[in-house]
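Structure, as structure tokens:
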Number of protein chains: 2
Amino acid sequence: MSGKKGFTYEYARPALTVDCVVFGFGGGELEVLLIERGLDPYVGWWALPGGFVRVGEDLGEAAGRELSEEAGIDAGYLEQLGAFGAPGRDPREHVVSVAYWALVRPGDYRLAAATDAVAARWHGVGELPRLAFDHGAIVGVAVERLRARVRHQPVGFNLLPEKFTLTELQTLYEAILGEGLDKRNFRKRVLALDLLTALPEERREGAHRPAQLFRFDPDKYARLERRGFHFEL
Amino acid sequence: MSGKKGFTYEYARPALTVDCVVFGFGGGELEVLLIERGLDPYVGWWALPGGFVRVGEDLGEAAGRELSEEAGIDAGYLEQLGAFGAPGRDPREHVVSVAYWALVRPGDYRLAAATDAVAARWHGVGELPRLAFDHGAIVGVAVERLRARVRHQPVGFNLLPEKFTLTELQTLYEAILGEGLDKRNFRKRVLALDLLTALPEERREGAHRPAQLFRFDPDKYARLERRGFHFEL
DNA sequence: TCAAAAGTGTTCTTGATACACCCATGC
DNA sequence: GCATGGGTGTATCAAGAACACTTTTGA
């Protein structure tokens, strides 16, 4: 280890990694991005994208870097989840991982497995395979956090395309919360927030009556928030 | 660093510490435990108790250990706050700190400065001195977290003696939330939760009418929680 | 004309808030 | 007997929950 300089810590230190729970919304179901490991511990297992933190690198930046390196993703929303550091969680040595969770829009990602990953793929949160390390537990915490957050802050829009219908928004909320919601009450509440701007166009003519498109207005939210506004769905 | 063994990470790694925001309730005001630093960076400054994480040591245990080593405290409640890892936060080198927040009962602590601390003392959250490192920001996040948590989970009792009066409980909540509460509504709601058991004794005769003492019943809470009970103050 | 999703209001119930006086005790 | 904190109930209001039918389009 480094020589003593009076202030330098001279003992062995745990390794430090970041791992990301990336959520996507694929037509009716909440999904998590997993990579198939191509390296030593847990080869062939599915795991969260992540990797070692470099000296001098900010944690959030490290998470973003790993995300783009391992899966070619640029997350629209990224928030820290917490640190996971149980001694046995990595069979090699003591590795402490700072976990993040992220939300990405369906169009904004172009999955590209790289670095030490063999493949990158979306998995429905309901049908996750057995994960490497303690990643299964981390995903569990992330889902909980997402559920709590989506009720009190307008983060859900990061999972939808820029323009979306109210039905799509409701379907998203139902997928995240895991429960059905009343259509009329949902629309009433969402519109009462006055954070969506209706776009005088239409879409989704696919088979039936076209639906009104809306866009979320982040500036308006920022202004309201400053005045002590309390988002709540 | 260590020689390559095929799987061992061979690059320099950031140092890893834990820091604790310990809350106490001292007669009407919410307090935070600070230690006066006796070592190199920020000598003489007030800072959060904390220290380096040992290899093979769990993060929560490290936090508890530092707490007892530096201040002789055994926390009744300890929860992780998050990781703070901005590259410049420690002038020596890149140090990532996993912060915890803790609640202790007034009687359960016997402050004893030790290790690299000169002194340990309680400070009202309203009148904190300038803190070392980014500890001021960490305390800010901890206070926010405590405020949010105390509304939705019965953690506040960890700041009161085993037996307490409803007025004491209300004073505590007012101190944490920073706002006055209606006495009748507060008592109504608290008692409606059915989590307190009245003790047929009395106390606080100091000057006036004695008040009923209560004890929080954690078992009852655990049972209710299992049935999807939703604590809310 | 039928199938499928979009869109729309009202009633009822429940929980939150506001509010003022009497009680028990020590000094 | 007076000062101090302990203790109690009701009326009003607002927000959330339940609930069913009409509209528009493509096939």
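Only heavy atoms go into these numbers, but all of them, side chains included; no hydrogens, no water, no symmetry mates. Here is how names work: the chains are called A, B, and so on, in the same order as the sequence lines, proteins then strands, and each is numbered from 1.
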Can you give me every donor-acceptor pair (side chain of residues 178-188 of chain A, partner residue at least two apart or in another chain, under 3.5 Å) with its distance?
{"unit_1": "A:E179", "atom_1": "OE2", "unit_2": "A:R151", "atom_2": "NH2", "d": "3.2"}
{"unit_1": "A:D182", "atom_1": "OD1", "unit_2": "A:R184", "atom_2": "N", "d": "3.1"}
{"unit_1": "A:D182", "atom_1": "OD1", "unit_2": "A:N185", "atom_2": "N", "d": "2.8"}
{"unit_1": "A:D182", "atom_1": "OD1", "unit_2": "A:N185", "atom_2": "ND2", "d": "3.4"}
{"unit_1": "A:N185", "atom_1": "OD1", "unit_2": "A:K188", "atom_2": "NZ", "d": "3.2"}

**OP:** Could you tell me which non-hydrogen atom of A:F25 sits nearest to which non-hydrogen atom of A:L160, and how far apart they are?
**Re:** CD2-CD2, 4.0 Å
Original post:
What is the distance from CZ of A:F186 to C1' of C:dT8, rounded to the nearest Å?
Top reply: 16 Å
Original post:
Would you call B:E79-B:R149 a salt bridge at under 4.0 Å N-O?
Top reply: yes
Original post:
Are side-chain heavy atoms of A:D217 and A:L195 found at a separation under 4.5 Å?
Top reply: no
Subject >> Atom-to-atom span, CG of B:L213 to C1' of D:dG7 - whole angstrom >> reply: 14 Å
**OP:** Search all heavy atoms of B:P49 against all heavy atoms of B:V22 and return the closest pair with its distance.
**Re:** CG-CG2, 4.5 Å
Original post:
Does B:Q80 use its side chain to pair, donor to acceptor, with the backbone of B:G60 at less than 3.5 Å?
Top reply: no
**OP:** Provide the closest heavy-atom pair for B:L128 versus B:H123 in the form atom of the first, atom of the second, distance.
**Re:** CD2-CB, 3.6 Å
**OP:** Mind calculating the distance between CG (A:L191) and C1' (C:dG7) to the nearest angstrom?
**Re:** 11 Å
Original post:
What is the distance, rounded to the nearest whole Å, between atom CG of A:L166 and atom P of C:dT8?
Top reply: 9 Å
**OP:** Grab the CG-C1' distance between A:L181 and D:dG16 for me, whole Å please.
**Re:** 13 Å
Original post:
Hey, does the side chain of B:T197 reach the backbone of B:R215 with a donor-acceptor pair shorter than 3.5 angstrom?
Top reply: yes
**OP:** Treat primed atoms plus P, OP1 and OP2 as sugar-phosphate and everything else as base, then score nucleotides 21-27 of chain D 5' to 3': B for base contact with protein heavy atoms under 4.0 Å, S for sugar-phosphate contact only, - for none.
**Re:** --BBBS-
Original post:
Between B:L169 (CG) and D:dG7 (C1'), how many Å, whole number?
Top reply: 15 Å
Original post:
Any side-chain N or O of B:T167 under 4.0 Å from OP1/OP2 of D:dG6?
Top reply: yes
Original post:
Taking CD from B:Q170 and P from D:dG5, how many angstroms apart are they, rounded to a whole number?
Top reply: 14 Å
Original post:
Side chain of A:R147, backbone of A:I176: donor and acceptor closer than 3.5 Å?
Top reply: yes
Subject >> Contact state string [nucleotides 13-18 of chain C, B base, S sugar-phosphate only, - no protein heavy atom under 4.0 Å] >> reply: ----BB
